[in-house]
Visitor: 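Take this structure, written in structure tokens, and hold onto it; I'll ask about it next.
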Amino acid sequence: MSTPGSGTPVRTVLLDIEGTTSAIAFVKDTLFPFAERALDGFLRDRGADPAVAPVLDEVRALAPGHEPAEALRGWMARDEKVTPLKALQGMIWRQGFESGQIRGHLWPDVAPCLRAWARGGIALRIYSSGSVEAQRLLFAHTEAGDLTPLLQGFDDTRTGPKREAASYAAIAASAGQPPGAVLFLSDVAEELDAAATARMRVCQLVRPADGTIASGRHPACGTFPEVAARFGLPAPDEPPPG
Ligand SMILES: CSCCC(=O)C(=O)COP(=O)(O)O
Ligand SMILES: [Mg+2]
């Protein structure tokens with residue numbers, strides 16, 4: 001697949017989380033089990049809250065004939081990126097992040113690049129299946145500190161599915177950028193296909209520790225400094241720790 005907009009300088013970097021900024025194992029082995037363990041207590045204690053009850057109605061609408069807890073556990077077991085599940089996970093993770101039980105994992109090459117890119121005038125935005133609430137929590141409580149001041153926008157699947165081009169067109173419009181000035185980074189080739197169809201520039205993060213396989217359809221990099229070198233972004237001036 002060609003690289004749309006390759007003559008346009010990158011003004012915005014749009015970041016996926018799982019498999020891109022953060023380890024797949026962190027999401028699967030830390031975040032998901034935390035939500036699984038806390039689910040029943042959360043539904044019992046908070047199920048009638050004004051912020052929670054409408055989300056449970058969305059669950060019932062998507063899984064008629066099932067108890068919400070049963071539907072949610074099924075989606076979790078199959079890692080289905082269902083919007084109300086992701087919203088509830090974000091609410092459950094809040095207690096874990098704010099109490100210090102969970103710290104957001106970032107690959108060591110990520111924070112130095114985000115700082116350098118933001119300092120260099122590049123707008124940084126997140127687009128993840130994780131809810132906007134979860135995204136903010138993760139970046140406010142990373143192992144490298146609170147990185148939310150570096151981030152200018154957050155989108156989740158309420159904007160649209162990650163494998164549909166219209167979602168990327170909407171994000172570029174809300175960022176006030178032509179799609180060709182936006183570089184989308186993700187580990188998932190189908191997400192990159194959709195972003196490229198919307199005329200964004202794209203790069204697959206192929207992190208060996210995550211077991212990602214290069215699709216061959218898009219430019220691929222193993223680390224954020226490689227992305228910086230390939231797409232003309234500022235280089236990090238601090239070496240990654242360790
Ligand atoms: C704190 S974000 C949680 C990550 C998550 O729940 C998820 O499904 C990740 O999906 P992504 O689109 O970032 O690959
Ligand atoms: Mg991902």
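Nothing here was measured: the structure is a model prediction, and the numbers come from that model. Every number for a ligand or one of its atoms is a count from 1 in the order of the listing.
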Visitor: Check this for me: does any side-chain nitrogen of one of R136 and D146 sit under 4.0 Å from a carboxylate oxygen of the other?
Guide: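 Result for this pair is no, no salt bridge flagged.
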Visitor: Between ligand 1 and the protein, tabulate every N or O atom pair separated by less than 3.5 Å, reporting distance only.
Guide:
{"from": "ligand 1", "atom 1": "6 (O)", "to": "K86", "atom 2": "NZ", "distance (Å)": "3.0"}
{"from": "ligand 1", "atom 1": "8 (O)", "to": "K81", "atom 2": "NZ", "distance (Å)": "2.8"}
{"from": "ligand 1", "atom 1": "8 (O)", "to": "K86", "atom 2": "NZ", "distance (Å)": "3.0"}
{"from": "ligand 1", "atom 1": "12 (O)", "to": "D16", "atom 2": "OD1", "distance (Å)": "3.1"}
{"from": "ligand 1", "atom 1": "12 (O)", "to": "S129", "atom 2": "N", "distance (Å)": "2.8"}
{"from": "ligand 1", "atom 1": "12 (O)", "to": "S129", "atom 2": "OG", "distance (Å)": "3.2"}
{"from": "ligand 1", "atom 1": "12 (O)", "to": "K162", "atom 2": "NZ", "distance (Å)": "2.7"}
{"from": "ligand 1", "atom 1": "13 (O)", "to": "D16", "atom 2": "OD1", "distance (Å)": "3.0"}
{"from": "ligand 1", "atom 1": "13 (O)", "to": "I17", "atom 2": "N", "distance (Å)": "3.2"}
{"from": "ligand 1", "atom 1": "13 (O)", "to": "E18", "atom 2": "N", "distance (Å)": "3.0"}
{"from": "ligand 1", "atom 1": "13 (O)", "to": "S128", "atom 2": "OG", "distance (Å)": "2.7"}
{"from": "ligand 1", "atom 1": "14 (O)", "to": "D16", "atom 2": "OD1", "distance (Å)": "2.9"}
{"from": "ligand 1", "atom 1": "14 (O)", "to": "E18", "atom 2": "O", "distance (Å)": "3.4"}

Visitor: Decide, yes or no, whether a salt bridge links D237 with R119 under the criterion of side-chain N to carboxylate O below 4.0 Å.
Guide: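 Judged by the 4.0 Å cut-off on N to carboxylate O distance, D237 and R119 do form a salt bridge.
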Visitor: Out of curiosity, L114 CG to D109 CG, how far, rounded to the nearest 0.5 Å?
Guide: 9.0 Å
Visitor: Would you name the N/O/S atom of D16 that lies closest to the Mg ion (ligand 2)?
Guide: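 Among the N, O or S atoms of D16, the one closest to the Mg ion (ligand 2) is OD2.
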Visitor: Would you call R103-E143 a salt bridge at under 4.0 Å N-O?
Guide: no
Visitor: Do R125 and S174 meet the criterion of a side-chain donor-acceptor pair at a distance under 3.5 Å?
Guide: yes
Visitor: Determine which of the N, O or S atoms in E18 is closest to the Mg ion (ligand 2) and give its atom name.
Guide: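 Closest N, O or S atom of E18 to the Mg ion (ligand 2): O.
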Visitor: Identify each donor-acceptor pair in which a side-chain atom of residues 224-235 lies under 3.5 Å from a protein atom, sequence neighbours left out, and give them as a table.
Guide:
{"from": "E226", "atom 1": "OE1", "to": "G222", "atom 2": "N", "distance (Å)": "3.1"}

Visitor: Using only N, O or S atoms, tell me which atom of D187 is closest to the Mg ion (ligand 2).
Guide: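 Per the distance ranking, D187 contributes OD1 as its closest N/O/S atom to the Mg ion (ligand 2).
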Visitor: Is E98 atom CD crowded by more than 12 heavy atoms from other residues, nucleotides or ligands, each under 6.0 Å away?
Guide: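 Yes, the 6.0 Å shell around CD holds more than 12 heavy atoms from other groups.
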